[in-house]
2 protein chains.
Amino acid sequence: MKQSRESVHTLVVARLRESKLLYTQGRRQLVDLLLDFARPVSVAEMLKRKSRLTQSSLYRNLTDLEAEGVVRRVAGNDSVVRYELDEELIGHHHHLVCVKCGYVDDFVVSDATERAIDAALTQAARKSKFTAKGHRLDVLGLCVRCTTAR
Amino acid sequence: MKQSRESVHTLVVARLRESKLLYTQGRRQLVDLLLDFARPVSVAEMLKRKSRLTQSSLYRNLTDLEAEGVVRRVAGNDSVVRYELDEELIGHHHHLVCVKCGYVDDFVVSDATERAIDAALTQAARKSKFTAKGHRLDVLGLCVRCTTAR
DNA sequence: CTCCGTGCAAACTTTTTGCAACGGG
DNA sequence: CCCGTTGCAAAAAGTTTGCACGGAG
């Protein structure tokens, strides 16, 4: 479910406390940064906009926060790693992935569609002896800029 | 639609001819390799099993063949890049992605489900001014080995 | 005060590129 | 033969790590 900025921080504090991780200035600003972008962002983009954390600390924090389920990796179509806040913080959603420039944005589908997808996938996973944890449903295509720019 | 090994090569030849790319021994063996694996494989895996092409040529060929629509990149949950043959060669399908070890395997869903997904996604893309080219529906979970190995 | 977190620089890993030799048509 | 392709080695890009200092509780 989607949360307000305040409650996101509160939830993050709670999760970090469980693993005796500190909610430092750097980590708080990283969460704020992801809230501001409101779409999956690459490490390069974060570094460009941030001063608070150095590159190495940023990588370390992304790794740590991912392990705590605060942030998660988003699969694009290129080899650029992007991150977003966990779905429990910003709500379940899907991605529009530009195959030309790599830009990724969010979108949601109806509950009915979600249920149909879930049913189909759970069954498919069972056949393959996979333990399904969730799914990923993305649209691949061209973003507005790449569509326009021929 | 799924093709026989022979017709895959024939189709590849046709595609390469259009762009004056040669179907060299190395490229042919690369296609054979992907057919053999029958699942998305990483560059490292290809290098381990192949002698025909050096690392740099392998990268160059993957890039070139991707541009020709012969191979395509598969998004895992880690930062490892994996490749598979284009869907016109091996048929439309989806992926089971192990979030623990990165292993990726294929699966298919019913036509009815496919149609429902397509309809929902096309509509969503339109709202965001995205030009939808296709979709990606994957199951994230644990593969058999990782499920067993606790 | 005690640790965890951070900055800095170096080490690694992965991917890309320049150039001369090679091979396909 | 001609031009795209390959190998080798070096360079570039992206990510991780060791260590000493700084900051949170």
Side-chain angles (χ1 to χ4, degrees), chain A residues 9-10 12-33 40-68 70-83 101-102 104, chain B residues 9-10 12-33 40-68 70-83 101-102 104:
Chain A
H9 284 303
T10 307
V12 174
V13 169
R15 292 202 184 177
L16 295 189
R17 191 140 40 198
E18 286 176 12
S19 308
K20 65 183 72 167
L21 292 186
L22 306 177
Y23 202 28
T24 59
Q25 290 252 323
R27 287 176 182 165
R28 169 175 285 271
Q29 287 193 21
L30 173 51
V31 171
D32 270 325
L33 182 72
V41 278
S42 64
V43 175
E45 286 175 300
M46 293 188 232
L47 283 173
K48 211 167 297 175
R49 189 174 297 198
K50 275 214 70 62
S51 48
R52 191 63 183 68
L53 286 176
T54 58
Q55 173 174 292
S56 59
S57 293
L58 178 56
Y59 276 111
R60 279 190 276 231
N61 280 321
L62 287 171
T63 303
D64 294 346
L65 294 182
E66 184 182 13
E68 292 314 311
V70 172
V71 304
R72 65 169 196 173
R73 237 167 231 263
V74 172
N77 195 50
D78 49 25
S79 43
V80 176
V81 178
R82 294 180 179 74
Y83 286 92
C101 73
V104 181
Chain B
H9 284 303
T10 306
V12 173
V13 169
R15 291 203 184 177
L16 294 189
R17 191 138 42 195
E18 285 175 12
S19 308
K20 63 183 74 168
L21 292 186
L22 305 178
Y23 202 30
T24 58
Q25 291 252 324
R27 288 175 181 164
R28 169 176 286 272
Q29 287 194 20
L30 173 51
V31 170
D32 270 326
L33 182 72
V41 277
S42 65
V43 175
E45 286 175 300
M46 294 188 233
L47 283 173
K48 211 167 296 173
R49 186 172 301 197
K50 273 214 71 60
S51 49
R52 193 61 184 70
L53 286 176
T54 57
Q55 173 174 293
S56 58
S57 293
L58 177 57
Y59 276 110
R60 280 190 277 231
N61 281 320
L62 287 171
T63 303
D64 294 345
L65 294 182
E66 184 182 15
E68 292 314 311
V70 172
V71 304
R72 64 171 200 173
R73 240 166 228 266
V74 173
N77 196 49
D78 48 24
S79 43
V80 176
V81 178
R82 294 180 179 74
Y83 286 91
C101 73
V104 181

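Naming: A, B, ... by sequence-line order, numbering from 1 per chain. Only a predicted model underlies this, so the values are computations on that prediction, with no experimental measurement involved.
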Give a yes/no answer on whether the side chain of A:Tyr59 brings an N or O atom under 4.0 Å of OP1 or OP2 in D:dT15.
-> yes
Should B:Thr24 be listed as having a side-chain N or O under 4.0 Å from OP1 or OP2 of D:dT6?
->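 Looking at the OP1 and OP2 atoms of D:dT6, one of them is under 4.0 Å from a side-chain N or O of B:Thr24.
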Identify, between B:Leu21 and A:Arg73, the residue whose nearest nucleotide on DNA chain D lies closer to the 5' end.
->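 The residue closer to the strand's 5' end, by nearest nucleotide, is B:Leu21.
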Looking at the side chain of [X], which of [options] is the nearest nucleotide?
X       : options              : answer
B:Ser57 : C:dA9, D:dG7, D:dT15 : D:dG7
A:Leu53 : D:dT6, C:dG5, C:dG7  : C:dG7
A:Leu22 : D:dG7, C:dG7, D:dG25 : D:dG25

Would you kindly compare B:Tyr23 and B:Ser79 by the position of their nearest DNA chain C nucleotide and give the one closer to the 5′ end?
->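 The 5'-side residue here is B:Ser79.
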On DNA chain C, nearest-nucleotide positions of B:Val81 versus B:Arg52: which is more 5'?
-> B:Val81
Between A:Glu68 and A:Asp64, is any pair of side-chain heavy atoms under 4.5 Å apart?
-> no
Less than 4.5 Å apart, any side-chain heavy atom of B:Arg27 and any of B:Val12?
->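 No. Closest side-chain heavy atoms not under 4.5 Å.
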Is there a donor and acceptor pair, one atom on the side chain of B:Arg60 and one on the base of D:dG7, closer than 3.5 Å?
->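 Looking at the base of D:dG7, it does pair with a donor or acceptor on the side chain of B:Arg60 (distance under 3.5 Å).
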Donor-acceptor pair (no angle test) under 3.5 Å: B:Arg28 side chain, C:dG24 base =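 Checked by distance alone, the answer is no.
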Can you tell me how far CZ of A:Arg28 sits from CZ of A:Arg52, rounded to the nearest 0.5 angstrom?
-> 12.0 Å
What integer distance in Å separates [X]:[atom1] from [N]:[atom2]?
X       : N      : atom1 : atom2 : value
A:Arg82 : D:dG14 : CZ    : C1'   : 14 Å
A:Asp78 : D:dA13 : CG    : C1'   : 14 Å
A:Leu62 : C:dG5  : CG    : C1'   : 14 Å
B:Gln25 : D:dG7  : CD    : C1'   : 16 Å
A:Gln55 : C:dA9  : CD    : P     : 12 Å
A:Glu66 : D:dT16 : CD    : P     : 10 Å
A:Gln29 : C:dG5  : CD    : P     : 16 Å
A:Asn61 : D:dT15 : CG    : P     : 15 Å

Hey, does [X] reach any base, or is it just sugar-phosphate, or nothing, if we go heavy atoms under 4.0 Å?
X       : result
B:Ser56 : base
A:Asp64 : nothing
A:Arg17 : nothing

Given the options B:Leu65, B:Leu21, B:Val70, B:Arg15 meets side chain to side chain contact (heavy atoms under 4.5 Å, CB included) only with B:Val70
Closest heavy-atom contact between A:Cys101 and A:Asp78?
->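 Distance-wise, the nearest heavy atoms are O-OD2, 4.4 Å.
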